[in-house]
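Worksheet: the structure to be examined is printed underneath.
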There are 2 protein chains.
Amino acid sequence: MKWDTLEEEPCSLARTVAVIGDRWSLLILRECFLRKRRFEAFQSSLGITRHLLAERLKKLVRFGVLRRIPYQESPKRYEYILTQKGLDLYPIIMSIVHWGNVHMVDSRGRPMLHQHKNCGHMFDPVMVCSECGEPLTAKAVHVHPGPGARQTSPTHAMAEDDPKAKTGS
Amino acid sequence: MKWDTLEEEPCSLARTVAVIGDRWSLLILRECFLRKRRFEAFQSSLGITRHLLAERLKKLVRFGVLRRIPYQESPKRYEYILTQKGLDLYPIIMSIVHWGNVHMVDSRGRPMLHQHKNCGHMFDPVMVCSECGEPLTAKAVHVHPGPGARQTSPTHAMAEDDPKAKTGS
DNA sequence: ATTGACAGTTCTAAAATAGAACCTTAAAGC
DNA sequence: GCTTTAAGGTTCTATTTTAGAACTGTCAAT
């Protein structure tokens, strides 16, 4: 499987992974959420090579996660800010951080703490059901094929099936 | 930066990314949450090369996300099941799927729908504050250094500062 | 006139991944 | 008894990605 086929898979996880599913993209996004915006700032705080940073920023702009906007003329300089699509990645970032807080910290404890401005408390993120508000667990969720699912065995009208559709999975 | 230094970074996101921050690990975990357990099942549904699948499974076992248990003797055969540490990845997987549902679906709609067994409804995952229960947004969160934070500017004893230490972040 | 900041681009070497073939154990079919 | 099939890998070469360092271009400040 190649990387550009990934974003066309009939799977929302695969398509998202095509955008953020590499080490550097997630680290760059961490910096974005910590209010970093500029090439040099990303490069020096991450230690990423300039080559790869340039490429990842282009990719994130291409996918609409970041926007590249000039912050000065002559010489023209740009900074990268999160779009709404990018801001919507926050639950992913926070759930990743939270898992690390629970399972990957050493004896010194958490590197970072989060305070909710709304209520003033230090908090952890919790994922709940949009309908009943209860915390979610894998066992309590049933998965159904949706309208965009790959057709594995249509009951009829096989003939007009998409010839590009892959079998299996 | 090399991959094995990532898991020692004083950052919960970096350490988690060291475990799941590549394309295949996340796709393998998707299959795990869809109740796939066996080498051949992973391989045929993902199209991953056998070589890489073996390596990724070893890595996930090494990090305690999966456990390799025999399901028959002679010939000895193993299957891979999620540990509690692995099950705790569910919010990450679900937030990734949800972002894809919102931002990456085509005109056909969502490939998969989720039903909450507890309340019976089709739902979306929502990330809320553990203390007040309100949905979280990046702007409403303030970040503080925690006990495991990297020391960026000790008040004294500057002289014995680690010369390799990066500034910022 | 030289230095430095910023935002990249361009090279070569090293590492990771793809793709295919091969190995081992043991049961099933002929 | 011999061959095929299944499961769960391992081994090999070719291609792609990434690392690491140097270089470019524009302008401001010294």
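A note on names: the letters A, B, ... follow the listed sequences, proteins ahead of strands, and every chain is numbered from 1.
With hydrogens and angles ignored, a donor-acceptor pair under 3.5 angstrom links the side chain of B/R50 to the base of D/dG8.
Distance CG (A/L6) to C1' (C/dA18): 15 Å, rounded to an integer number of Å. Between A/L53 atom CG and D/dT18 atom C1' there is a gap of 13 Å when expressed in whole angstrom units. Atom P of nucleotide D/dT10 and atom CG of B/L57 are separated by 10 Å, given to the nearest angstrom. Atom OH of A/Y78 and atom C1' of C/dA5 are 17 Å apart (whole Å). Per the geometry, CG belonging to B/L52 stands 8 Å off C1' belonging to C/dA18, to the nearest Å. Taking atom CZ on A/R56 and atom C1' on C/dT9, their separation rounds to 16 Å, with Å as the unit. Straight-line distance from the CG atom of B/D22 to the P atom of D/dT17: 15 Å, rounded to whole Å. Between the P atom of C/dT17 and the CG atom of B/L27 lies a distance of 13 Å, rounded to the nearest Å.
Note on B/L52: it clusters hydrophobically with B/F42, by side-chain heavy-atom contacts below 4.5 Å among ILVMFWY residues. Following chains of ILVMFWY side-chain contacts shorter than 4.5 Å, one can reach B/I20 starting from A/Y90, so the two form part of one hydrophobic cluster.
When the nucleotides C/dG19, D/dG9, C/dT9 are ranked by their closest atom to the side chain of A/A54, C/dT9 comes out on top. Of the candidate nucleotides D/dG8, D/dA19, C/dT17, C/dT17 has the atom lying nearest to any side-chain atom of B/E55. Comparing C/dT17, D/dA19, C/dG19 by their nearest atom to the side chain of A/W24 picks out D/dA19. Picking from C/dG8, C/dC6, D/dA19 the nucleotide with the shortest atom distance to the side chain of A/E40 gives C/dC6.
Relative to the ring axis of B/Y71, B/R38 places its NZ or CZ within 45° and under 6.0 Å from the centre.
Aromatic ring orientation, A/H142 versus A/H144: perpendicular (interplanar angle above 60°, classes split at 30° and 60°).
In this structure, A/E79 contributes its side chain and A/R68 its backbone to no donor-acceptor pair below 3.5 Å.
Dashed line: the shortest gap from a side-chain N or O of A/Y80 to OP1 or OP2 of C/dG8 is under 4.0 Å.
Identified under the side-chain hydrogen bond (donor to acceptor under 3.5 Å, both in side chains) test for residues 122-132 of chain A, with sequence neighbours left out: A/R110-A/D124.
Within residues 13-21 of chain A, no residue has any heavy atom under 4.0 Å from DNA chain D. Of the residues in residues 58-77 of chain A, those with a non-hydrogen atom less than 4.0 angstrom from any atom of DNA chain D are A/S74, A/P75, A/R77.
Side-chain contact between B/M104 and A/K85: present, with at least one pair of heavy atoms (C-beta onward) separated by less than 4.5 Å. Between A/L136 and B/F123 the shortest side-chain heavy-atom distance falls below 4.5 Å.
Among the heavy atoms of the strands, none lies under 4.0 Å from B/F42.
With A/W24 as reference, A/R56 is the one residue of A/E55, A/K59, A/R56 to meet the side chain to side chain contact (heavy atoms under 4.5 Å, CB included) rule.
Taking CG of B/L53 as the reference point, atom CG of B/L27 lies at 11.5 Å (rounded to 0.5 Å).
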